[in-house]
Structure formats: C-alpha cells, structure tokens
Protein chains: 2
Amino acid sequence: MALKSMRGAPRRPTLEEVGAVAGVSRATVSRVVNGSPKASPAVRAEVERAIARLGYVPNRAARTLVTRRTDTIALVVSEPEARVFGDPFFAALVRGIGAAVSMKDLQLVLVMAQGTREHEKVERYVRQGHVDGVVLMSLHGEDPLPGAFVEAGIPTVLVGRPKGDPVVPFVDADNRGGARLAVQFLIARRRRRIATITGPLDMCVGVDRFEGYRDALTAAHIPQRKGLVQGGDFTEEAGHVALTRLLEKNPDIDGVFVASDLMAAGALQALRAAGRRVPQDVAVVGFDDAPLARHTSPALTTIRQPLDEMVAQTSEMLFRQVAGASRTEHVIVPTSLIKRKSA
Amino acid sequence: MALKSMRGAPRRPTLEEVGAVAGVSRATVSRVVNGSPKASPAVRAEVERAIARLGYVPNRAARTLVTRRTDTIALVVSEPEARVFGDPFFAALVRGIGAAVSMKDLQLVLVMAQGTREHEKVERYVRQGHVDGVVLMSLHGEDPLPGAFVEAGIPTVLVGRPKGDPVVPFVDADNRGGARLAVQFLIARRRRRIATITGPLDMCVGVDRFEGYRDALTAAHIPQRKGLVQGGDFTEEAGHVALTRLLEKNPDIDGVFVASDLMAAGALQALRAAGRRVPQDVAVVGFDDAPLARHTSPALTTIRQPLDEMVAQTSEMLFRQVAGASRTEHVIVPTSLIKRKSA
DNA sequence: TTATCTCGTGAGAGCGCTCTCACGGGTGCT
DNA sequence: AGCACCCGTGAGAGCGCTCTCACGAGATAA
C-alpha cells in the first residue's frame, strides 16, 4: 500500500472512496457521476463536494470493461505521413471529423498506419476495443485494413473509394467528374493537344481522374494519344519529371491536366525551365485546390472537392453505424472548377 | 443475454473460453498470450491453436484495469490544426515519435486540442488514464495543459520551450542562436539595413528569434531601428503585409530576416510585387527549412532545426519518465544555416 | 386502517484480465 | 531412501466500474 503510493502517480481515488467521504454507497456516487436522475439533490451535492475534494476522475478502463464503450473514435490514416501532412484535404478532414465527434462528446484520436508492421499494430489496436468506431483514410487499392475492421465488427467509414467491390461504407469526391470538368475547360480554351499526368493507377483516385480525362476527350471527339499520358505518384518531383518527358515526346502540347496540385507545381517548374509560358503556350489545370495552388506562378487553376460536405457525410455515416444501424452504403460528392491563372 | 449478443458485434471470446477449448485454465492461456516463460511448449501450442480457432483478441480495458498501463502514448497538439498541418516540423515529429513509440511496442495517438473546451476534453481524456504518457506540442505561452498533466502525475514532455519557469521537461531548438546565424549571414553579405518580420511575441519561439536578430546586430555594432521590425503570425499573408509595411517605411532595406519560411514566402511575393530583386536588392533569410523553402523563387535561404535529434531527445525523455525516473530537465538542440538563393 | 406504488438507496454480481499463491510431480542432492 | 528444489499449472482474489435487484420509507389510493 504505502509502497504502491510511493512509485509513480499516487493512486487515484475510487468510487468507493468518494462514497466513504460523502457517506453514501459506491452505487450512488456512480449515479451522480453519470448524471442519473435517481439521485436526490441533497445527496448529489454532498457527493459532488466529495468528488471535488478528492479530485476524483473516473477510471476509463473500468468503465469500458462493463459498458463496452470507449467513447472514442479513431481516424486511421493508412498512408505515408509524408503524403498526408500538408494535404489540405487531410487537415480539413481532421478538423471536420474532430468537430463532429466533439459535438457528440466523444474524443478523436489519429492513428497512423504505414507499412505492414504498422498495419498489424493498428488492427490489433482497434480490435482490442480501444475505439467505438473508425474513420479510415486510405487511398490504396489493396488495403487490408477496411476489410479487417468490418470483419471485426467495428463501425467503419472509408474516406476515398476503395478498389473493387466496396464492402465498407465510403465517402468520396466525384474524381472522374472533376477531371472531366478540368479537361472540358481546357478544351473550351481551344486547347487540342491536351496531355495528362496521372496519379498512381493502383489507386482508385488515380484511375478515376484518368478516366475523367478520357471522358472529356472522347466527348469532344479529340483523338487520344498514348504519348500524351504520363504517370506520377502525386509528388512534386514526379510532376516535374513527367512533364519533362511529355515535352520531349510532344513539343507541341498546349494543355495539361495534372491529377494533383503538388504534381502540377512540379509541372509548372518544368514548363518554366523549358521556356514555355503558362497559360499562353501551355495551359495547366490541377486537382485538389491545395493551398499551394494559390501560390504557384502562375496561380493554379484546379478542381476543388467540397471537403465540408464530405466530412459531414462521413461523420454522419459513422455515427449511424455506431448507433447500431449497419448498412453498407456510399456517397459521392460533386467537385468544381476553380479558375485562376494557369489556364 | 441473447439480446445482448444480437446487437453490435458478436461478443468476443474470453480467456476462459479459449482455456475451455484448449483444455487448460484461464491463467495458462494468459501466460501464453503474454509470452510468459512458464508455459510448456506442448500446452503453448495447444493454446495457440485455440486462440487462432476462436479468433481471440485480448480485451484491452480489462488488461489496463489490472496492469494500470495502456501501452499508448498521446501526442497532444495544443494548436489550431490550420497552423500545424503542413508544418514540416510537425510531420517530422509525428513520424519520429511514431517510430520511437512503435519500437517500444506502444501505440501512438494524436490528439488535437484547440480552444478551451477542447482543452478540457483532452485533459479529461488524459486524466482518465487513456495513455501512459504525453508528448505535448504547444507553443503558446500560457497553455494550461502542461501544468495540468504534470499535476495529474502523467509523464509529459513538451516540444517547444514554454514561457516562464519551466516545470515540465521540454525539448526545443536553439531559436535564438539560429536567428543570430541568419542575421550574421546577412551581415556577412554586406547588408546593413536589415529588417525583421517577427513571429507572435506571446510565443517563446517568436521572442527567441527576435532576440537572436538583435544579438547579431548588436555584435556587429549595427544600430537597431524600430521601423525595421514588423510582427506577424507565421502565416504567408502576414509575411506579405509585414514586408509591404516595411518597404513603405524603409525603401532602402537590403536584408530581411523572417521568423518563418511561410512568412518569408509571403515576403518574397511582396518584394516581387514591389519590383525588388532578391537577393540583389534585398536578401531574405527564413526560418524552419520548410519544404516550400525549396520551391519559392528564388529558393529560400533559411535556418534548419535538427528534427531527428529533437525527436530522439523527446522520446527518450518521455520513456525515462514513463519508466519511473521523474526529473524536470530540458534540452536545447542547435540550429544551422541552409544556403539557397535568396541571400 | 391496510394495500399499492413510487423513489432513492445499498448490496452484490460480474465485466475480462493479471498475478499471487499453493500444489503436485518431476529432478538432483545427500 | 529421504530431503530439498524447481517448474508448470490451477484456484482465487481483485482491479474500478455499472447495473440489476431487493428493500425500506414515504406518498397515494382504497
């Protein structure tokens, strides 16, 4: 006893002890703590005084053990952080989900999962019952995490459409439609030799944005050429490299749709290095409406995703699941064109 | 009973059930699960088979209740996310702490705390015993969180020096020394009318970097002029505004030390708008070595903080505290100049 | 008055786990 | 053969909480 109280934190008071001080039973203290109506005002006051005096804080583990609820929601990010931080989409997601969760008096925790080892740790973390629900941000096609959570019976909502048959409820932007918008805009600006720098095609978002590009060309009866397509991995360097290659093969391109703003920034640099003027010689449209889109030179015309709405949908779907209604559903929200100087 | 098992997840198997299947007691299963050496190989194998068959996952709440450990560490961010995401410093912190924590077989969770209401929620979260320790990122002078955690007996390490008398162990970069370095470099480049755009002076980091600026001027016997100092809040816009004002009052400035790269990016734009060439007319040095520093035009000369070392120090200090050694200490790591094109 | 209801309260079980302790069957020692 | 030891195992207590249930006191109805 004495020894125990010496090492580390001095053992925190328990319900029983609060009860002893207030002259009531553990059960009554519990009622007061949980705001149960069946506690007389007099007793309530007495108990509250005792709680304040002892600095009582309920032990979460004990409560969780019996209620089977943790009152915390995890935002699991199954991506390299490098890609995720600085992504405005991610920041908005955190803010939005955080606010929604906070409103329900839950606590949001962010959990990073990159690499197989981390995946396993995160899966274990969730399965062990640390959280009541999961918002999973994962853009990779073959991510095992969504399936694992669903199988474990954890309420889960995915942000970003998964590849293949979606077994998990998800929310995504209309990437294909957005890409179409971008390319249509380039076409309207009288561009005819329109190239694209795609994202990784093992990601749904990469594929979708590429399909949108093709849709628009097809609709305008512009023939598609293989040489006008270059892949990238959403990084700035990739954008630079891809555009350089594009220029080598097609010195005559007059428009580029780039599947992410970061890559577009790289592309812009490459164009400048090659002596091309933007938008006079080559018009450029990006995707994401990242903050940096405002600060490239010229400022980047791009496609915006309605983050607020996505966030609202996501949290709503999650809470519905946590509450018990378990439906596999999904929502696609529209995207829009933001006109700046690059196109 | 039947009702309970109908709603939500089908109740997960317990130690007892695994034991029944394996034909051993709960205690023995526990030994196998926890890798205790006192379990014979034969029994171990049998138990492991039962675990696999039932898909047993230990209940964390129950374990925590008795061990009083959660095996999770929180990274509490007591800042508006807007400022924090995209901050390379923060990303590196997450990666680094994450790796260190992972190595110890702990789980890292990120917790955001902005606004008083959130502060309270986070404090409650931590006090309730959700985590074994906290890394607290907070740059505000009067943040109540560090004190609260320490008072609650939670192992805590602060990243960024707090204002006033530090009661909490912390790790910080040598902001003052770094700023001195920056200004010394400008002086060495024969700049004599050196202005500065400071950070918020209610933050330690803001004050420190300003003091460094003054140190360098004093050492070089360059008189300081009030008009050469403008405050900002670390955002790009603030940098733009501040530099514009600076130019109005002092058309003849030939060097600027900007207390953050983001503000420096804004300043660079303002300089361009004003028709000043960088670095020929005005040399600029930033602070942070943010990724964007590489991509401004011209690329930004700046001060780098050794993130890796800060992270290593932070996690080491935290683990030491969690292990029981409770010392109030602190570490300041050196900064260095990164030469690019803007100075 | 007696019977019937509230209504606030306490006793007690039990959530799933860890950990101490006692026990029985080897070993190795005298 | 007798003793002292391990060493693997099970029984059982107990972590701090919630929640059901029984109970007694007071209010209401007959």
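In this text, all values refer to a predicted model and were calculated from it rather than measured experimentally. Numbered from 1 within each chain, the chains take letters A, B, ... in sequence-line order.
Rounding to whole angstrom units, CG of residue A/N59 and P of C/dC15 are separated by 18 Å. When rounded to the nearest whole Å, the span between CD of B/E16 and C1' of D/dG10 equals 11 Å. Distance B/E46 CD to D/dG8 P: 18 Å, rounded to the nearest Å. The distance from atom CZ of A/R69 to atom P of D/dC19 is 8 Å, rounded to the nearest whole Å. A/R63 has its CZ atom 9 Å from the P atom of D/dC19, to the nearest Å.
Remark: the B/R68 side chain and the D/dG16 base include no donor-acceptor N/O pair separated by less than 3.5 Å. Checked by distance alone, A/R60 brings no side-chain donor or acceptor within 3.5 Å of a matching partner on the base of D/dG16.
In this model, the phosphate group of C/dT9 is not approached by any side-chain N or O of A/T28 to a distance below 4.0 Å at OP1 or OP2. A sub-4.0 Å separation between OP1 or OP2 of C/dT9 and a side-chain N or O of A/S40 is present. Contact annotation: A/S30 side-chain N/O to D/dT18 OP1/OP2 distance is under 4.0 Å. The phosphate of C/dT18 has OP1 or OP2 within less than 4.0 Å of a side-chain N or O from B/N34.
Both B/V24 and A/V33 lie near DNA chain D, and the one whose nearest nucleotide falls closer to the 5' end is B/V24. Ranked by how close their nearest DNA chain C nucleotide is to the 5' end, A/A27 and A/K38 are led by A/K38. Judged by closest nucleotide on DNA chain D, B/S25 is the one of B/V66 and B/S25 placed further toward the 5' end.
In this model, no donor atom of one side chain and acceptor atom of the other lie less than 3.5 Å apart for B/Q321 and B/T156. Judged by distance alone, the side chains of A/S78 and A/H119 do bring a donor and an acceptor atom under 3.5 Å apart.
Between B/E316 and B/R320 there is a salt bridge, since a side-chain N of the basic residue sits under 4.0 Å from a carboxylate O of the acidic one. In this structure, A/R60 pairs ionically with A/D71, as a charged nitrogen and a carboxylate oxygen lie closer than 4.0 Å. For A/E46 and A/R49, the salt-bridge test passes: some basic side-chain N is under 4.0 Å from an acidic carboxylate O.
In the set C/dT20, D/dG16, C/dC17, D/dG16 carries the atom at the smallest distance from any side-chain atom of A/L65. With C/dC19, D/dC17, D/dG12 as the choices, the nucleotide that has an atom nearest any side-chain atom of B/R26 turns out to be D/dG12. Relative to the side chain of A/R31, the nucleotides C/dG16, D/dC21, D/dT9 differ in distance, and D/dC21 lies closest.
When heavy atoms are screened at a 4.0 angstrom cut-off, B/A39 is found touching the sugar-phosphate backbone but no base atom.
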